[in-house]
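Numbers for residues simply follow the sequence, beginning at 1.
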Amino acid sequence: MDCIPSHGNVADGQPVDAVDMIAALTSSQFVFSDGATQTFTAEGRTTYVDRGLSSAGEWSVVGDGTFASFWPPTYRATYMVQWIVEAGVPVGVSFTDIRSGVRYNGRYR
């Protein structure tokens, strides 16, 4: 897993810089607290699997460093992405919905 930030060490809760977003999201599969998983590709594709059912979407980095996702046919969301760091090591990222404030913590598998 190579998600090391380009600017060196990061702190827990620190926003993921736009320049580091691709590496942070594609370096490993994410596992969420409910057991769902999500993978991202550098080409902007994502697959979410919950209880054996998968759905495919698209993602991109917005200029200000936020994360945008699209789930066909119409669902769109924008998230602030922050590092989850334990003992000085990034172990995942949290996705906070810009509109609702709901937070999803994804840990690297």
Side-chain angles (χ1 to χ4, degrees):
M1 175 173 59
D2 186 14
C3 65
I4 304 301
S6 63
H7 300 293
N9 293 330
V10 293
D12 188 55
Q14 180 178 332
V16 176
D17 292 333
V19 68
D20 294 321
M21 192 77 66
I22 292 174
L25 296 179
T26 63
S27 64
S28 179
Q29 182 180 58
F30 289 95
V31 178
F32 296 92
S33 62
D34 63 359
T37 62
Q38 188 167 10
T39 55
F40 295 89
T41 70
E43 297 77 32
R45 304 271 185 232
T46 183
T47 302
Y48 184 82
V49 179
D50 184 18
R51 290 171 266 194
L53 299 174
S54 68
S55 59
E58 300 172 8
W59 70 277
S60 62
V61 179
V62 180
D64 64 1
T66 56
F67 162 88
S69 66
F70 170 64
W71 298 91
T74 59
Y75 183 78
R76 293 183 184 277
T78 304
Y79 299 89
M80 176 183 195
V81 182
Q82 298 170 287
W83 291 105
I84 299 173
V85 177
E86 295 176 353
V89 177
V91 295
V93 299
S94 67
F95 301 87
T96 304
D97 187 297
I98 299 295
R99 285 181 287 179
S100 70
V102 174
R103 180 178 172 164
Y104 306 94
N105 291 331
R107 299 180 67 81
Y108 294 124
R109 176 163 276 173

Identify the heavy atoms of [X] and [Y] that sit nearest to each other, and give their distance.
X: G65; Y: A18; result: CA-CB, 3.7 Å
X: A68; Y: V62; result: CB-CG2, 3.8 Å
X: M80; Y: I98; result: N-CD1, 3.6 Å
X: S94; Y: R103; result: CB-NE, 3.3 Å
X: W71; Y: G57; result: CZ3-N, 3.2 Å
X: A42; Y: T26; result: N-CG2, 3.5 Å

Using only heavy-atom distances, determine whether the side chains of N105 and R107 contain a donor-acceptor pair under 3.5 Å. no
Would you call the rings of F32 and F95 parallel, tilted or perpendicular if under 30° counts as parallel and over 60° as perpendicular? tilted
Between F67 and Y79, how do the two ring planes meet: parallel, tilted or perpendicular, split at 30° and 60°? tilted
Determine whether the aromatic ring centres of residues F70 and Y75 are separated by less than 6.0 angstrom. no
Flag yes if Y104 and L53 sit in one hydrophobic cluster, no otherwise; membership is Ile, Leu, Val, Met, Phe, Trp, Tyr, and two members link when side-chain heavy atoms are under 4.5 Å apart. no
Does V31 belong to the same Ile/Leu/Val/Met/Phe/Trp/Tyr cluster as V91, with side-chain heavy atoms less than 4.5 Å apart forming each link?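 V31 and V91: separate clusters.
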How many angstroms lie between atom [atom1] of [X] and atom [atom2] of [Y], to the nearest 0.5 angstrom?
X: R45; Y: E58; atom1: CZ; atom2: CD; value: 5.0 Å
X: T37; Y: D50; atom1: OG1; atom2: CG; value: 8.5 Å
X: S27; Y: I22; atom1: OG; atom2: CD1; value: 12.0 Å

Between I84 and D12, is any pair of side-chain heavy atoms under 4.5 Å apart?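 Contact flag for I84/D12 side chains = yes.
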Mind checking what makes side-chain hydrogen bond (donor to acceptor under 3.5 Å, both in side chains) contact with D34, not counting sequence neighbours? none
So, the side chain of W83 versus the backbone of V89: is there a donor-acceptor pair under 3.5 Å, distance only?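 Pair absent, no side-chain N/O of W83 close to backbone of V89.
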Quick one: does any side-chain atom of D17 pair with a main-chain N or O of V19 as donor and acceptor, under 3.5 Å? no
